Amino acid sequence: MSEEALVTAADPALAERLARAITLAGPVPLSQFMGAANAHYYATRDPLGARGDFTTAPEISQMFGELVGLALTDLWHRAGQPDARYVEYGPGRGTLAADALRAMATVGLTPPVHLIETSPALRERQAAAVPRAEWCIDLVGVPEDGALLVVANEFFDALPIRQLVRTPQGWRERLVACQDTLFVPVIGNTLFDPVIPQQFADAPVGSILETSPASVAVMRALARRLVAQGGAALVIDYGYRGPAVGDTLQAVRAHRFANPFEAPGEQDLTAHVDFGTLAEAAASEGATVHGPVEQGAFLTTLGIAPRAEALARAAPERAGAIAAERDRLVGAEAMGRLFKVLCVAAPGWPVPEGFV
Ligand code: SAH
């Protein structure tokens with residue numbers, strides 16, 4: 001597909017469909033709005049890179065995917081080199097997979113590749129980067145034999161969240177209503193107090209508590225398969241160790257923040273990932289959980305500094321750019337602290353490097 005064919009002009013169809021549905025049936029949970037918006041958004045374009053809406057770590061530098069690949073290879077080695085499959089959730093342009101698999105191959109690991117991707121536009125990009133890959137829409141499509149070496153970078157942040165708001169009457173859900181053609185957040189009538197964790201019962205009025213049932217479901221399914229088949233997953237994303245109160249819903253378009261309730265399906269809607277809740281979901285299925293640790297510390301332990309020096313020696317004219325890319329990945333004010341890495345592993349699998 002050509003670059004042009006991937007770019008949709010502001011497509012009124014989704015906004016109109018959503019507006020009609022909400023007008024007929026009433027306000028919908030934020031998760032429904034976000035799920036419909038992102039499904040359309042990713043299905044119709046390649047959103048990555050300078051000309052797109054946002055840039056991710058693997059698109060900044062090959063060092064990211066290489067080090068992730070080497071971390072998984074090291075684990076696989078120490079686990080006794082079982083038959084294994086490479087699995088990646090939401091692989092974007094396939095850059096991370098290509099870099100990780102190249103690094104794995106240098107030490108003789110060439111696993112079958114399973115890419116979990118719903119977007120036809122992005123599957124096409126991934127096929128160019130990793131021609132031997134197979135695709136599926138969720139983990140059910142990955143065979144049930146062999147250990148799983150799994151990566152999810154900036155995947156969970158794109159899954160739909162629900163938001164609960166503390167009102168003077170108690171906790172209620174934030175819904176999305178439609179006024180004329182404008183989408184606006186409103187507060188539902190149902191009281192959620194019975195399901196609110198005790199520590200938030202008396203949070204100040206206006207506090208927002210986010211949950212992502214979709215993320216928890218994906219994590220539980222992943223943990224079950226790791227426990228059954230062996231293997232480990234590295235989940236990398238911006239996030240916090242929750243549950244915690246805070247409104248992290250954001251929209252990004254052309255590298256700028258935008259109003260999340262505008263132009264559904266035409267901008268990237270994300271929320272910060274609650275690693276505490278994901279870790280708990282994985283542990284509840286019997287998986288072993290390490291971290292989360294900060295991305296900066298993780299990449300530093302894996303050797304990003306010597307890797308950057310080696311790349312700079314091989315391409316002296318790019319030395320400045322390579323150092324800048326390294327700093328962007330590990331710098332405390334850049335991605336190094338906000339981004340975290342969670343490892344979920346089968347019981348008995350070794351502890352990955354970078355996790356104490
Ligand atoms: N991991 C890539 C891309 C991140 S963007 C990188 O780091 O560059 C999010 C990715 O998740 C895209 O590939 C998007 O199409 C995919 N995605 C979003 N929601 C999904 C879902 N519900 N199921 C499968 N893939 C999804």
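Predicted, not measured: the structure shown is a model, and the values here were computed from it. Counting starts at 1 for both ligands and their atoms, in listed order.
Summarising the geometry of Phe261 relative to Asn259, their closest heavy-atom pair is N-OD1, 2.8 Å, with the distance given to 0.1 Å.
Contacts between Leu159 and ligand 1 below 4.0 angstrom, taking non-hydrogen atoms only, involve the side chain exclusively. In Ala39, neither the side chain nor the backbone holds a heavy atom less than 4.0 Å from any atom of ligand 1. At a heavy-atom cutoff of 4.0 Å, ligand 1 is contacted by both the backbone and the side chain of Asn153.
Numbered from 1 in the order shown, with element, the atoms of ligand 1 that lie under 4.0 Å from a heavy atom of Ser119 read 15 (O).
No N or O atom of Phe54 sits closer than 3.5 Å to an N or O atom of ligand 1. Remark: ligand 1 and Glu154 share no N or O pair separated by less than 3.5 Å (distance only, no angle test). Considering both main-chain and side-chain atoms, Gln126 never comes within under 3.5 Å of ligand 1 through any nitrogen or oxygen pair.
At least one heavy atom of Thr118 lies less than 4.0 angstrom from ligand 1. A heavy-atom separation below 4.0 Å is not found between Asn38 and ligand 1.
Applying the ring pair (Phe, Tyr, Trp, His ring centres under 6.0 Å) definition to pairs two or more places apart or across chains, those involving residues 281-339 are Tyr238-Phe339, Phe298-Phe355.
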Take Glu353 and Thr301, measure what side-chain hydrogen bond (donor to acceptor under 3.5 Å, both in side chains) needs, and give me the verdict at the end. CA-CA 7 Å; Glu353 251 192 282; Thr301 309; over 6 Å; no
Please determine whether side-chain contact (heavy atoms from CB on, under 4.5 Å) holds for the pair Gln62 and Arg102, giving the CA-CA distance in whole Å, both sets of side-chain angles, and the decisive distance to 0.1 Å. CA-CA 10 Å; Gln62 69 186 80; Arg102 192 179 59 247; 3.8 Å; yes
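Partners of Arg123 by side chain to side chain donor-acceptor pair (under 3.5 Å), not counting sequence neighbours: none found.
Interatomic distance, CG of Asp274 versus CG of Asp157, reported as 13.5 Å (0.5 Å rounding).
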